[in-house]
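Indexing begins at 1, ligand by ligand and atom by atom, following the structure's order.
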Amino acid sequence: LKFSTSPPSLKLVTQTASGEAPSWLTQSPYDPAIIYATDEVPDGHLNSLVLNRRSGKLVKVDSISTNGIHPTHIGAVLDGNTLGVANYHGSSLFTASLKPDHLHFIPPGHMTFYNGSGPAPQQVDGSHPHQVLKNGNEAVVMDLGTDKIWRMVQNRTGDWVVRDHIDQKPGSGPRHGVIVDSTLYTLCELSNNLTQHTFPPLGLGKPKLVASQSIRPLDTTPDAPLAAAELLYADGPSALLYASNRNDPHPQGDAITIFETRPKLQAVKYVRTGLNYIRGMNFVGPRKEYIIAAGMNGGGIKVFQVVSPARGYLSEVAHLPNGTIAQPSSFVWTQWL
Ligand SMILES: O=C1O[C@H](COP(=O)(O)O)[C@@H](O)[C@H](O)[C@H]1O
């Protein structure tokens with residue numbers, strides 16, 4: 001897609017095949033034109049692609065099995081040239097290092113398996129890692145199935161081992177998080193809560209729960225089966241968190257709940273998007289001036305400009321109609337030359 005700012009517009013440029021059912025995209029920290037994609041299917045794979053900035057064409061380069069079922073997320077860990085993949089139905093973390101070109105995987109990679117389960121129907125069959133975050137040399141894994149956040153380090157033989165963990169409320173389903181200095185914010189899919197923990201370096205004390213807030217819009221029917229999805233953080237004079245939701249029966253579609261983080265975590269706005277079943281949501285622009293989000297089940301793809309609280313925090317500026325792209329599920333942005 002090409003997003004232009006003046007006047008704001010969103011256009012389909014080209015489509016490229018990337019394995020099967022690609023559901024999460026991550027950019028190389030070395031080169032934003034290098035993109036990694038999961039195949040969220042029973043025979044999970046991790047793919048690398050490279051963007052030609054002049055033509056806008058994407059070319060698939062390499063692929064490696066994640067040895068797991070339905071990989072949902074990729075996080076660049078360690079020096080950024082190792083990728084951690086959450087095998088949601090494989091109860092495992094898969095890690096693979098890349099060759100110096102950041103495009104070719106070094107097979108076969110490493111596996112770590114998690115035990116346990118949770119009380120919710122989606123959790124009783126076991127661990128469901130959903131996201132892998134980098135925290136220095138540590139990999140932080142959100143496990144929606146066991147209600148745990150695993151803190152992992154690599155040992156001398158290259159295997160990833162659990163050093164510590166955080167317990168979330170049983171049945172809450174921690175899904176995605178962001179780490180800001182020594183604070184961890186976690187979005188729990190099943191309870192629709194956003195939690196805040198202190199997050200000291202490993203070995204320097206246990207994380208402590210500071211706050212837990214619902215992201216559920218006040219005008220959503222109380223029994224609606226909402227499922228929290230994505231969490232974004234933008235620093236600035238008022239540091240904000242954007243938490244997206246899915247399955248909202250409200251006539252104006254799913255909402256993005258906006259939180260101020262200072263002086264304390266507090267929901268300040270529910271922005272109705274007109275999108276149905278938001279999974280993918282990300283910042284656009286070098287200073288996070290825009291947010292792109294899509295409804296997998298309707299509403300198309302929209303770009304919202306970040307505006308002042310007085311103007312409602314987010315203002316829709318561009319729209320790609322529903323059906324232009326089938327089931328849009330993840331976004332990354334890079335500058336067009
Ligand atoms: O079956 C399920 O899978 C998803 C993972 O789906 P995704 O949209 O995040 O790719 C999970 O989050 C959901 O709770 C579960 O029922």
Residue pairs involving residues 316-332 (criterion side chain to side chain donor-acceptor pair (under 3.5 Å); sequence neighbours excluded):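 Passing the test, one end in residues 316-332: Lys302-Glu316.
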Ring centroid separation His73 to His130 under 6.0 Å: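 That pair fails the under 6.0 Å test.
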More than 12 heavy atoms of other groups within 6.0 Å of Lys60 NZ: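 Yes, the 6.0 Å shell around NZ holds more than 12 heavy atoms from other groups.
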Table of N or O contacts for ligand 1, cutoff 3.5 Å:
unit_1: ligand 1; atom_1: 8 (O); unit_2: Arg246; atom_2: NH1; d: 2.9
unit_1: ligand 1; atom_1: 8 (O); unit_2: Arg279; atom_2: NE; d: 3.1
unit_1: ligand 1; atom_1: 9 (O); unit_2: His130; atom_2: NE2; d: 2.6
unit_1: ligand 1; atom_1: 9 (O); unit_2: Arg175; atom_2: NH1; d: 2.7
unit_1: ligand 1; atom_1: 9 (O); unit_2: Arg175; atom_2: NH2; d: 3.0
unit_1: ligand 1; atom_1: 10 (O); unit_2: Glu40; atom_2: OE1; d: 3.0
unit_1: ligand 1; atom_1: 10 (O); unit_2: Glu40; atom_2: OE2; d: 2.8
unit_1: ligand 1; atom_1: 10 (O); unit_2: Arg279; atom_2: NE; d: 3.0
unit_1: ligand 1; atom_1: 10 (O); unit_2: Arg279; atom_2: NH2; d: 2.9
unit_1: ligand 1; atom_1: 12 (O); unit_2: Arg175; atom_2: NH1; d: 3.1
unit_1: ligand 1; atom_1: 12 (O); unit_2: Glu189; atom_2: OE1; d: 2.8
unit_1: ligand 1; atom_1: 12 (O); unit_2: Glu189; atom_2: OE2; d: 3.2
unit_1: ligand 1; atom_1: 14 (O); unit_2: Glu189; atom_2: OE2; d: 2.4

Connected-component partners of Val307 among ILVMFWY, side-chain separation under 4.5 Å: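 Besides Val307, the hydrophobic cluster comprises nothing; the residue is isolated.
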Residue list, side-chain hydrogen bond (donor to acceptor under 3.5 Å, both in side chains) with His128, at least two apart or on another chain: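 With neighbours one apart ignored, the set is Asp125.
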Phe105 and Tyr36 aromatic ring geometry - parallel, tilted or perpendicular at 30°/60° bounds: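 Plane angle between 30° and 60°, so tilted.
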